[in-house]
Amino acid sequence: IGIGTTLPAQQLDILYPSYIGKDTVQGIIRLTGQSNTENPAGVLSAGVALEFYNKWTGGTAYSIGRISGRGESGYDGGLQFDVGTNTAPGQSGFTTAMTINADANVGIGTTSPGGNSGVEPTIKMVLKANGRLGINTTTPDELVDITGGYLKFNGGDYGLKGSASL
């Protein structure tokens with residue numbers, strides 16, 4: 001099915017009818033849920049989701065993942081990422097793997113994150129086509145280039161720190 005295109009590349013292909021500005025995010029699909037109650041402030045409430053299922057030949061579909069948009073008191077919202085937890089075909093069990101609330105707090109394995117859980121949004125990693133890995137640099141000079149830090153293994157420091165050389 002093609003929406004906005006006469007040559008769909010997938011079973012459902014939606015093309016926005018005009019070009020989008022480089023700093024613009026344009027909604028194309030809207031999922032709207034309804035709820036008559038909500039949780040206290042800071043706790044995600046009802047929401048809607050995209051659910052992903054798989055089905056083996058001749059089998060019954062089972063859940064493998066879900067991304068939910070969840071409402072929060074005061075018209076805020078968050079995202080919840082769930083993974084499938086099933087023991088047999090035909091099941092639709094989900095367990096929360098990660099939640100991001102309206103305060104940008106990230107929780108792993110919880111629906112109520114209290115902080116950013118140590119997620120550091122300023123860390124940069126890049127793997128170049130030449131096989132070089134850069135950590136905190138986008139232009140690695142060596143096979144592994146760590147800028148502004150050092151390696152730590154099992155609680156101990158090994159190797160060179162700072163500007164030390166061999």
Peer 1: I need the minimum non-hydrogen distance between Glu72 and Leu44, along with the two atoms involved.
Peer 2: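 The pair with the smallest heavy-atom distance is OE1-CD2, 3.5 Å.
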Peer 1: Counting neighbours of CG on Leu31 that are heavy atoms of other residues, nucleotides or ligands and sit closer than 6.0 Å, is the number greater than 12?
Peer 2: yes
Peer 1: Going hydrophobic residue to hydrophobic residue with side-chain gaps under 4.5 angstrom, can you get from Ile64 over to Leu79?
Peer 2: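 Yes; tracing contacts between hydrophobic side chains, which count when under 4.5 Å, links both residues.
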Peer 1: Indicate yes or no for a side-chain donor-acceptor contact from Ser63 to the backbone of Gly65 under 3.5 Å, with no hydrogens or angles considered.
Peer 2: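 No, the answer is negative, given that no donor and acceptor are paired below the 3.5 Å cut-off.
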Peer 1: Give the cluster check for Phe52 versus Tyr62: same hydrophobic cluster or not, with ILVMFWY residues linked at side-chain heavy-atom distances below 4.5 Å.
Peer 2: yes
Peer 1: Cluster partners of Phe94, using ILVMFWY side-chain heavy atoms under 4.5 angstrom, listed by chain and number?
Peer 2: Tyr53
Peer 1: Checking Asp82 now: which residues fulfil salt bridge (Lys or Arg N to Asp or Glu O under 4.0 Å) with it, not counting sequence neighbours?
Peer 2: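 Expected list: Arg66.
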Peer 1: With side chains defined as the heavy atoms from C-beta onward, is the minimum distance between Asp145 and Leu133 less than 4.5 Å?
Peer 2: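 No, their side chains stay 4.5 Å or more apart.
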Peer 1: Please enumerate all residues that pass salt bridge (Lys or Arg N to Asp or Glu O under 4.0 Å) together with Glu38, with sequence neighbours excluded.
Peer 2: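 Result, salt bridge (Lys or Arg N to Asp or Glu O under 4.0 Å) vs Glu38: none returned.
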Peer 1: Which residues pass the side-chain contact (heavy atoms from CB on, under 4.5 Å) test with Ile100, sequence neighbours left out?
Peer 2: Phe81, Met98, Val106
Peer 1: To the nearest 0.5 Å, what is the distance between CD1 on Ile29 and CG on Leu50?
Peer 2: 7.5 Å
Peer 1: What's the spacing between Asp141 CG and Thr139 OG1 if we round to 0.5 Å?
Peer 2: 6.0 Å
Peer 1: Are Tyr75 and Val48 grouped together when hydrophobic residues (ILVMFWY) are joined by side-chain heavy atoms under 4.5 angstrom apart?
Peer 2: no
Peer 1: List the residues meeting side-chain contact (heavy atoms from CB on, under 4.5 Å) with Asn130, not counting sequence neighbours, and say none if there are none.
Peer 2: Lys128, Arg132
Peer 1: Extract all donor-acceptor atom pairs below 3.5 Å that involve side chains of residues 8-21 and protein atoms in other chains or at least two apart in sequence.
Peer 2:
| unit_1 | atom_1 | unit_2 | atom_2 | d |
| --- | --- | --- | --- | --- |
| Asp13 | OD2 | Ala9 | N | 2.8 |
| Tyr16 | OH | Gln26 | OE1 | 3.4 |

